[in-house]
A.B. asks: 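What follows is a single structure, and I will ask about it in a moment.
Note that this is a predicted model, so its numbers are computed, not measured.
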Amino acid sequence: MSTSTQVAAPIVSRPARRRWWQKPEMVTLAVAGVLLAAGLIVAWTIRSEPVALALFWASILVGGVYPLRSAIRAVRNRRLNTTVLLVVAVIGAIALGVVEEAAMLVVIFSLVEAMEAYATDKARGSINALMELTPPSANRLTAGGLTETVAVEQLHPGDVVLIRPGERLPTDGTVTEGASWVDASPVTGESVPVEAAAGTEVFGGSLNGNGVLRVRVTKEYSDTVLARVIEQVEEAQTNRSGAERFADKFTAIYTPAMFALAVLVALVLPVFGFEWREAIYRALVILVVSCSCALVISVPVSVVTAIARGARDGILIKGGLYLERLADIKAVAFDKTGTLTRGRPALTQVIGFGGTTEQEALALAAAVEAGSEHPIAAAIVAGARDRGIDIPAARDARALPGAGMEAVIDGRALHIGRPSDADRADPQVGAAVAGAESEGCTAVVLREDTRPLAVLAVADQLRPDAHSTIAELRELGIKRVLMLTGDNATVARSTAHALGLDDYRAELLPEDKSAAIRELREQYGVIAMVGDGVNDAPALANADLAIAMGAAGTDVALETADVALMADELGRLPAAIRLSRRARNNIKINIALSLAVVAVLIIAALAGWMTLTTGLLLNEGSAALIILNGLRMLLPGRGETRHTRTSARV
């Protein structure tokens, strides 16, 4: 098929990231900084006071534009914030004739504001990186076999796009032709590239290996997994944690209180013999050191960076509220099928009777089941193929509703289905069936006419990381790890015993799972429910924290969960808990540090031990430390990333 390119509709351009010199506030800060530096050089070397004074005034006028605008907006909205305190302090310093210090206040404050903006942008960098994963255009195949370059927003379900080696997939879809490896780690956090062939579901933003793929689009661009993850991470900022609400309430009271304290100092100190100029200066220093930039930024920077860190690792946490709750989990309830287990049965045992060998029995059973779409049949056929057994051809195959399959193979009339009463009464067959069922397996019997030939056992397989995940949860101090399942008691008991769970509850209807969650909450406190977000929806809704597995492939899970593990990896759960606890510790350190610094600085300001510039430098220096501490959340902590990502390769 030809792949020559023809001209198509113009590609929709995306907004480019602005450099610092393209931002007016950064330009004014740079100019103000240069003017201040020039003024200090003139004052300290040439010692020309008029020139130095003119430069300081110029620095104030240029650098004070944006802080003054912000302060005016706050006053109009009847709010006192740190910018208002700063502007009042600058005006007071000018009134006292200390123009040099006023200029320093403007430049230093604006510089720290720029640092805070940089920190926020850095924290959101992971989300911006996600946005940039999807290429702006795609090679869409036309009816005539050509390709046309179109904007990804112009792709619609049913379109077929060509993905060349090393290119990123422009949208979600299903592979129709070709074979390659696809690295979906930026979207799902899945560490190992997956094999992609006809019928494989793939996600926009994934990186193609060295094969050529043709992918049929299955979703509009706005509905792709990557687009929805970006949208929900952005919405996560509205779900504010208790720590964030505390910081907001504290600053709403704290800022007016500091303003009142400064006024009180200016009025009271002269009563005790201080000169009015000294009293006003100390009051201005109090305003400067009480600018609670550190406290304001202490919580949001940690929350935003933690959410961004999680998104980078395929853990979607839908806000600070759920980040905080994740750290407080006391018990975890798992669904069984598809969560603790693979959700796909596999052949575990074949027992032949009357001289029938295991290989012969499996070949005959697979031949009978080859025409069935039942999961047990698929497990038997897959088991035969995995063992390299040739499956003979069957004829006259037909399904017997509720009773299995029958077919004729080499003139032999064979039937496979659930054990009958006669099978259970037979000493050999009954013992084999009972043994399989006691281990949580489903047993089927292969018969020739009425004579049993073999018992085949099929069971849902545990996820390979289930044991390690349970062990990690116990290391994290989770009090209770249990399973809630609608499966029968025998299977549930076998699974719970194999994993060493604290408890299990079987044969539960959806409403029974919800009742169990409510009961467990009363016993243990904060409880999380881990499921697939579909049949577990009622239980997930009643849990303190709803955690969905493999949400990249499940729209309902992505919508209903509080925390979505994008990849189908159970081991992401302990990593998510570690991340949340690290974020909580980070927040506690930031709050404690900011409060301690402000308290010390206010005492020093009351005692007259510092100047305006010194007070601002110490205060904003603490803010810089807090910003850097918050940005540490972007680095992976111990145990948060279990695997090393690899590039897609064949």
A.B. asks: Using modelled atom types and a 3.5 Å cut-off, is there a donor and acceptor pairing between side-chain atoms of His467 and backbone atoms of Ala498?
C.D. replies: yes
A.B. asks: Please answer whether the main-chain N or O of Leu545 pairs with a side-chain N or O of Arg325 as donor and acceptor at a distance below 3.5 Å.
C.D. replies: no
A.B. asks: Taking only residues two or more places apart in sequence, or in another chain, which ones meet Ala370 in a side-chain contact (heavy atoms from CB on, under 4.5 Å)?
C.D. replies: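 If we apply the side-chain contact (heavy atoms from CB on, under 4.5 Å) test to Ala370, skipping adjacent residues, there are no hits.
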A.B. asks: Yes or no on side-chain contact (heavy atoms from CB on, under 4.5 Å) for Leu484 and Asp335, after CA distance, side-chain angles and deciding distance?
C.D. replies: CA-CA 5 Å; Leu484 305 178; Asp335 173 47; over 6 Å; no
A.B. asks: Can you name the side chain to side chain donor-acceptor pair (under 3.5 Å) partners of Thr485, sequence neighbours left out?
C.D. replies: none
A.B. asks: When you compare the side chain of Leu462 with that of Thr495, does any pair of heavy atoms fall below 4.5 Å?
C.D. replies: yes
A.B. asks: With sequence neighbours excluded, what pairs up with Gln461 under the side chain to side chain donor-acceptor pair (under 3.5 Å) test?
C.D. replies: none
A.B. asks: Has Arg582 got a side-chain atom pairing as donor or acceptor with Arg578's backbone, closer than 3.5 angstrom?
C.D. replies: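 Side chain of Arg582 to backbone of Arg578, a donor-acceptor pair under 3.5 Å: no, none is there.
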A.B. asks: So, for Leu473 and Pro574, which heavy atoms are closest and what is the spacing to 0.1 Å?
C.D. replies: CD2-CG, 4.3 Å
A.B. asks: Testing the 3.5 Å rule here: is there a donor-acceptor pair between the side chains of Thr341 and Asp460?
C.D. replies: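 Yes.
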A.B. asks: Do Ser180 and Val212 come within less than 4.5 Å of each other through their side chains, counting heavy atoms only?
C.D. replies: no
A.B. asks: Going by the rule side-chain contact (heavy atoms from CB on, under 4.5 Å), which residues pair with Pro170 if we only count those two or more places apart in sequence or in a different chain?
C.D. replies: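 Once residues adjacent in sequence are excluded, the partners of Pro170 under the side-chain contact (heavy atoms from CB on, under 4.5 Å) criterion are Pro135, Ala138, Val152, Leu155, Val161, Ile163.
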A.B. asks: Just so I know, are the side chains of Arg214 and Val175 near enough to count as touching, which here means a heavy-atom distance under 4.5 Å?
C.D. replies: no
A.B. asks: If every non-hydrogen atom of Ala459 is compared with every non-hydrogen atom of Cys441, which pair is closest and at what distance?
C.D. replies: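 That closest heavy-atom pairing would be CB-SG, 3.7 Å.
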A.B. asks: Quick check: do Thr442 and Val491 have side-chain heavy atoms less than 4.5 Å from each other?
C.D. replies: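 The answer is no; the side chains never approach within 4.5 Å.
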A.B. asks: Do Asn208 side-chain atoms and Arg164 backbone N/O form a donor-acceptor pair below 3.5 Å?
C.D. replies: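 Yes, Asn208 side chain to Arg164 backbone: donor-acceptor pair under 3.5 Å.
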A.B. asks: Counting C-beta onward and ignoring hydrogens, is there a side-chain heavy-atom pair between Gln349 and Leu456 closer than 4.5 Å?
C.D. replies: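 They are not in contact (no side-chain heavy atoms under 4.5 Å apart), so the answer is no.
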A.B. asks: Check the pair Ile517 / Ile527 against side-chain contact (heavy atoms from CB on, under 4.5 Å), numbers first and verdict last.
C.D. replies: CA-CA 8 Å; Ile517 288 291; Ile527 183 168; 4.1 Å; yes
A.B. asks: Looking at every non-hydrogen atom in both residues, tell me the closest pair between Ala466 and Leu340 and how far apart they are.
C.D. replies: CB-O, 3.9 Å
A.B. asks: Going from CG on Leu570 to OG1 on Thr339, what distance comes out if it is rounded to the nearest 0.5 angstrom?
C.D. replies: 7.5 Å
A.B. asks: May I ask you to decide whether Asp562 forms a salt bridge with Lys318, counting only side-chain N to carboxylate O separations under 4.0 Å?
C.D. replies: no
A.B. asks: One pair to check against side-chain contact (heavy atoms from CB on, under 4.5 Å): Asp172 and Val202. What are the steps and the verdict?
C.D. replies: CA-CA 6 Å; Asp172 294 359; Val202 290; over 6 Å; no
A.B. asks: Which of these passes side-chain contact (heavy atoms from CB on, under 4.5 Å) with Leu573: Ile547, Ile315, Ile470?
C.D. replies: Ile547
A.B. asks: Judged by atom type as modelled, is there a donor-acceptor pair below 3.5 Å linking the side chain of Arg463 to the main-chain atoms of Gly571?
C.D. replies: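 Such a contact is absent between Arg463 side chain and Gly571 backbone.
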A.B. asks: How long is the gap from CD on Glu369 to CD1 on Ile380, to the nearest 0.5 Å?
C.D. replies: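 So the CD of Glu369 and the CD1 of Ile380 are separated by 4.5 Å.
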A.B. asks: Kindly check if the number of other-residue, nucleotide or ligand heavy atoms within 6.0 Å of CG (Asp390) is above 12?
C.D. replies: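 Not buried by this count: 12 neighbours or fewer within 6.0 Å.
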A.B. asks: I need the single residue from Val332, Leu482, Val481 that forms a side-chain contact (heavy atoms from CB on, under 4.5 Å) with Leu501. Which is it?
C.D. replies: Val481
A.B. asks: Side chain to side chain donor-acceptor pair (under 3.5 Å) with Ser302: which residues, sequence neighbours excluded?
C.D. replies: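 With sequence neighbours excluded, Ser302 shows a side chain to side chain donor-acceptor pair (under 3.5 Å) to Asn586, Asn590, given in chain and number order.
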A.B. asks: Quick one, Arg140 and Val217 - any side-chain contact, counting heavy atoms below 4.5 Å?
C.D. replies: no
A.B. asks: Go through it in stages, so that I can follow the logic: the residues are Asp159 and Leu141, the test is side-chain contact (heavy atoms from CB on, under 4.5 Å), and I'd like the CA-CA distance, side-chain angles, deciding distance and then a yes or no.
C.D. replies: CA-CA 8 Å; Asp159 290 343; Leu141 292 171; over 6 Å; no
A.B. asks: If we only count heavy atoms from C-beta on, is the Arg584 to Glu324 side-chain gap below 4.5 Å?
C.D. replies: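 No, their side chains stay 4.5 Å or more apart.
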A.B. asks: Could you work out, with side chain to side chain donor-acceptor pair (under 3.5 Å) as the rule, every residue matching Asn585, not counting sequence neighbours?
C.D. replies: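 For Asn585 there are no side chain to side chain donor-acceptor pair (under 3.5 Å) partners, ignoring immediate neighbours.
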A.B. asks: Give a yes or no on whether the backbone of Thr174 and the side-chain of Arg216 come within a donor-acceptor separation of less than 3.5 Å.
C.D. replies: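 Checked: no pair found.
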A.B. asks: Kindly say whether Leu169 contributes a backbone atom to a donor-acceptor pair with the side chain of Ser206 at under 3.5 angstrom?
C.D. replies: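 Between the backbone of Leu169 and the side chain of Ser206 there is no qualifying donor-acceptor contact (under 3.5 Å).
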A.B. asks: Does Arg581 use its side chain to pair, donor to acceptor, with the backbone of Asp328 at less than 3.5 Å?
C.D. replies: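 No, Arg581 side chain to Asp328 backbone: no donor-acceptor pair under 3.5 Å.
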A.B. asks: When you measure from the centre of the six-membered ring of Tyr66, is the NZ or CZ of Arg69 under 6.0 Å away and within 45° of the axis?
C.D. replies: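 Yes.
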A.B. asks: Would you mind reporting whether Met529 and Asp544 have side-chain heavy atoms less than 4.5 Å apart?
C.D. replies: no
